Amino acid sequence: MGGPGRTARANSDRTAAGHGPRDWPRELCLHLLDHLAPRVPEDLHLVLTATDGTRSRRYGSGDAPTVTVSGPLGDLAAWLTGRRPQQPLGCRRSGTVAPLPELLGWP
């Protein structure tokens with residue numbers, strides 16, 4: 001029988017053991033990129049580019065300034081969930097280095 005405390009401890013133990021977003025199954029990461037699309041503000045044209053594959057996801061209006069966030073697929077999924085990526089993600093706004101954009105709440 002599990003509960004919130006047990007789940008938190010299990011997640012904490014995995015993190016302490018060196019497991020993190022890059023260990024998440026690819027299918028989970030892709031699901032998160034789809035499921036959490038509503039977190040991207042509508043006035044933002046966000047492009048997520050996985051540096052460990054050929055995956056790229058586009059969100060928002062093509063008329064808005066383009067913000068490109070790049071990194072390993074698991075780290076991109078972690079950021080979209082609100083978790084800290086294992087390594088810093090790259091971010092460019094209209095070609096210039098920029099801070100990561102603010103995301104909306106969970107859908």
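Note that the structure is a prediction, hence the values are computed from the model and not measured. We use all heavy atoms of the structure for the numbers below, so side chains are in, but hydrogens, waters and symmetry mates are not.
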State, with a plain yes or no, whether a side-chain heavy atom of [X] is found less than 4.5 Å away from one of [Y].
X: L103; Y: L36; answer: no
X: V47; Y: V69; answer: no
X: R93; Y: L44; answer: yes
X: L48; Y: S56; answer: no
X: L30; Y: R55; answer: yes

| Just wondering, more than 12 heavy atoms not from Q87 lying within 6.0 Å of its CD? | yes
| said: Is there a path of hydrophobic side-chain contacts, each under 4.5 Å between heavy atoms of I/L/V/M/F/W/Y residues, joining W79 to L104? | reply: no
| query | Are L100 and W106 co-members of a hydrophobic cluster defined by side-chain heavy atoms under 4.5 Å apart? | reply | yes
| task | With side-chain contact (heavy atoms from CB on, under 4.5 Å) as the test, would you mind laying out the steps for L73 and L33 before giving the verdict? | result | CA-CA 9 Å; L73 180 62; L33 295 185; 3.7 Å; yes
| message | Working to the nearest 0.5 angstrom, can you tell me the gap between R39 CZ and E102 CD? | response | 9.5 Å
| Who are the salt bridge (Lys or Arg N to Asp or Glu O under 4.0 Å) partners of D34, not counting sequence neighbours? | R57
| From CA spacing to verdict: side-chain contact (heavy atoms from CB on, under 4.5 Å), C29, L76 | CA-CA 8 Å; C29 294; L76 293 171; over 6 Å; no
| query | Which residue pairs pass the side-chain hydrogen bond (donor to acceptor under 3.5 Å, both in side chains) test when at least one of the two sits in residues 64-74, sequence neighbours left out? | reply | H45-T66
| task | Quick one: do L80 and L32 satisfy side-chain contact (heavy atoms from CB on, under 4.5 Å)? Show the steps, please. | result | CA-CA 8 Å; L80 204 56; L32 290 170; 5.9 Å; no
| remark: Exactly one of R83, R22, R84 clears side chain to side chain donor-acceptor pair (under 3.5 Å) with D75, and that residue is R22
